[in-house]
Amino acid sequence: MLAAHPTRTAPLLLGAHLTSDLGPTVTIRITEVEAYGGLGEDPGSHAHRRRTDRNRAMFGPVGHAYVYFTYGMHWCLNVVCHEPGVAGAVLIRAGAVVHGTSTAQGRRPSARSDRDLARGPARLAAALGVTGELDGIDLLDPDGPVRLSLAAPGHDGRDTRAGPRPDGGLGTGPRTGVSGAGAATPWRFWVAGDPTVSPHRRAAPGRRGPG
DNA sequence: GATGCGATTCACT
DNA sequence: GTGAATCGCATCG
């Protein structure tokens, strides 16, 4: 399933569960993702230009983790998924903590509410305790420290299997900054109406300094 | 060898 | 709702 184009895999990750056993078990339900393509097709992707030592995981086996450090302080977690021979990954942008809430709260003391525990890529990684040490690990390994469950446990009695809920609705949108043929491709996917989905951000990151 | 930008979050008003 | 802080990576010469 993961051996397909990221834009095809991304919506399938919505509703999937991520479980971390790095400390006390924490499980989150994925509510927002963003696909990143390979060479030449996605200017926003780390793999747009070439393979480097940093993004090598995006060229590796599908189902593995790609963890990167950004803005000098934040870790972000991606799931590697791509067609054979093409780099690609899906960034996990937001999720809802469904198990281990107290542990997540301990890792995110600044979160004002449980809703904010994993709302945002870096927050989600922090809530799970994910760091760069996990770059390249197999998320499908049943014995791994962090696992991706496409078929959710469903301990709450609901049908939480992977994939968008027909009634909940699937939100999609093109990512700003992508031009050409890629502009028509929806790179972002989220569960419509879910409170943990981060609000749309302004396209332009603010300038720095008094200038 | 040096410079610019980035898939963000937090604190304050 | 808006502005500021932060480190590493990739690119250019």
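Each chain gets a letter, A, B and so on, in the order the sequences are listed, and its residues count up from 1.
Distance, A:Met73 CE to B:dA11 P: 11 Å, rounded to whole Å. The distance from atom NE2 of A:His48 to atom P of C:dT11 is 10 Å, rounded to the nearest whole Å. The separation between A:Arg56 atom CZ and C:dG8 atom P is 16 Å, rounded to whole Å. Atom CZ in A:Arg49 sits about 18 Å away from atom P in C:dC9, given to the nearest Å. If you measure from atom CG of A:Leu124 to atom P of B:dA7, you get 18 Å, rounded to the nearest angstrom. The distance between atom CG of A:Asp116 and atom P of B:dT8, rounded to the nearest whole Å, is 16 Å. Across the protein-nucleic acid pair, A:His74 atom NE2 and B:dG6 atom C1' stand 12 Å apart, rounded to whole Å. Atom P of nucleotide C:dG8 and atom CZ of A:Phe69 are separated by 7 Å, given to the nearest angstrom.
The residues A:Arg29 and A:Asp194 are annotated as salt-bridged, a charged nitrogen and a carboxylate oxygen being separated by less than 4.0 angstrom. Remark: A:Arg119 does not engage A:Glu32 in a salt bridge, criterion side-chain N to carboxylate O under 4.0 Å.
A:Arg112 comes within contact range of no nucleotide atom at all, as no heavy-atom separation falls under 4.0 Å. Residue A:Ser45 is classed as having no contact, given no heavy-atom separation below 4.0 Å to the nucleic acid. In this structure, A:Asn78 reaches the bases: a heavy-atom distance under 4.0 Å links it to at least one base atom across the strands shown.
Evaluation of atom-type donor-acceptor distances gives a pair under 3.5 Å for the side chain of A:Tyr68 against the base of B:dA7.
Side chain to side chain, A:Thr185 and A:Thr7 fail the donor-acceptor criterion of an N or O pair below 3.5 Å.
Contact between the side-chain N/O atoms of A:Arg51 and the OP1/OP2 oxygens of C:dC9 is not found at any separation under 4.0 Å. Applying the 4.0 Å criterion to OP1 and OP2 of B:dC10, one finds that A:Ser110 has a side-chain N or O inside that range. Contact between the side-chain N/O atoms of A:Thr70 and the OP1/OP2 oxygens of B:dA7 is not found at any separation under 4.0 Å.
Evaluation of A:Tyr71 against the base of C:dA5 yields no stacking contact (centre distance < 5.5 Å, interplanar angle < 30° required).
Residues A:Arg54 and A:Arg123 both approach DNA chain B. Their nearest nucleotides, taken by heavy-atom distance, put A:Arg54 toward the 5′ side.
Pairing of C:dA10, defined by two Watson-Crick or G-U wobble distances under 3.5 Å, is identified with B:dT3.
In the set C:dA10, B:dA7, B:dT9, the nucleotide with an atom closest to the side chain of A:Thr52 is C:dA10.
Checked against A:Ile92 for a side chain to side chain contact (heavy atoms under 4.5 Å, CB included), the options A:Thr31, A:Asn78, A:Leu124 give a single hit: A:Leu124.
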(request) Please step through ring-ring contact (aromatic ring centres under 6.0 Å, His included) for the pair A:Tyr68 and A:His46, ending with a clear verdict. (result) CA-CA 10 Å; A:Tyr68 70 92; A:His46 284 174; 5.0 Å; yes
